[in-house]
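Here is the structure we will look at.
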Amino acid sequence: MVDEEYVESVLDVVETIPPGSVMTYGDVAEAVGRVLRRGGPRQVGTVLRETGGAVPWWRVVNAQGSPPAHHLSRALGLLREEGCPLTPDGSKVHLRSARVPVDVPGV
DNA sequence: AAGGTGACTCAGG
DNA sequence: GCCTGAGCCACCT
């Protein structure tokens with residue numbers, strides 16, 4: 001139950017990310033942890049790995065601004081299509097402008 | 001119970 | 001900017 005709630009919250013937050021913007025795992029973890037006092041960046045990653053097919057997981061990047069190494073090319077392609085600000089080399093996301101404020105569904 | 005693993009993060013060199 | 005080491009949380013063997 002609880003883990004379902006956690007997963008639900010994570011997916012909800014990820015779905016909340018507007019096109020052309022991204023959120024870091026830490027931010028998502030904070031957004032979720034704001035209500036459910038647990039979980040961390042790693043748990044967010046695990047959840048997305050399991051259920052990522054149902055949400056725009058490519059809008060979730062790590063603190064370095066790089067999408068998961070497992071789908072780097074795919075994520076970058078999708079982000080580029082969405083008009084997400086990438087670095088000049090196009091290998092990472094320009095967090096400075098792409099990162100969006102934490103948005104929690106329950107608040 | 002103990003140790004290893006991973007879609008992570010931060011600090012230091 | 002890049003690589004290392006330590007910290008972190010939940011899960012699996």
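From a predicted model like this one, the values you see are computed outputs, not experimental measurements. Every chain is numbered from 1 and lettered A, B, ... according to where its sequence line falls, protein lines coming before strand lines.
- With contacts defined as side-chain heavy-atom distances shorter than 4.5 Å, the pair A:Pro67/A:Leu79 qualifies.
- Counting to the nearest Å, the P atom of C:dG1 and the NZ atom of A:Lys92 are 6 Å from each other.
- When heavy atoms are screened at a 4.0 angstrom cut-off, A:Pro41 is found touching the sugar-phosphate backbone but no base atom.
- Between A:Val60 and the choices A:Val22, A:Asp27, A:Val10, A:Val14, the side-chain contact (heavy atoms from CB on, under 4.5 Å) rule is met once, by A:Val14.
- For the pair A:Leu79 CG and B:dA7 C1', the interatomic distance rounds to 14 Å; values are reported in whole Å.
- Residues A:Tyr6 and A:Val44 are in side-chain contact: their nearest non-hydrogen atoms beyond the backbone lie under 4.5 Å apart.
- With contacts defined as side-chain heavy-atom distances shorter than 4.5 Å, the pair A:Arg49/A:Trp57 does not qualify.
- If you take CZ on A:Arg96 and OG1 on A:Thr87, they are separated by 15.0 Å, rounding to the nearest 0.5 Å.
- Within residues 56-64 of chain A, the residues having any heavy atom closer than 4.0 Å to DNA chain B are, in order of number, A:Trp57, A:Asn62, A:Ala63.
- Between the A:Ser9 side chain and the A:Glu5 main chain, a donor and an acceptor come within less than 3.5 Å of each other.
- Rounded to whole Å, atom C1' of B:dC8 lies 8 Å from atom OH of A:Tyr25.
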Tell me, for nucleotides 8-13 of chain C in 5' to 3' order, what letter each nucleotide earns: B for a base near a protein heavy atom under 4.0 Å, S for only sugar-phosphate near one, - for neither? BBS---

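- Using a distance-only test at 3.5 Å, with no hydrogens or angles considered, no donor-acceptor pair links the side chain of A:Thr24 to the main chain of A:Ala63.
- Side-chain atoms of A:Arg59 come within 3.5 Å of backbone N or O of A:Ile17 as a donor-acceptor pair.
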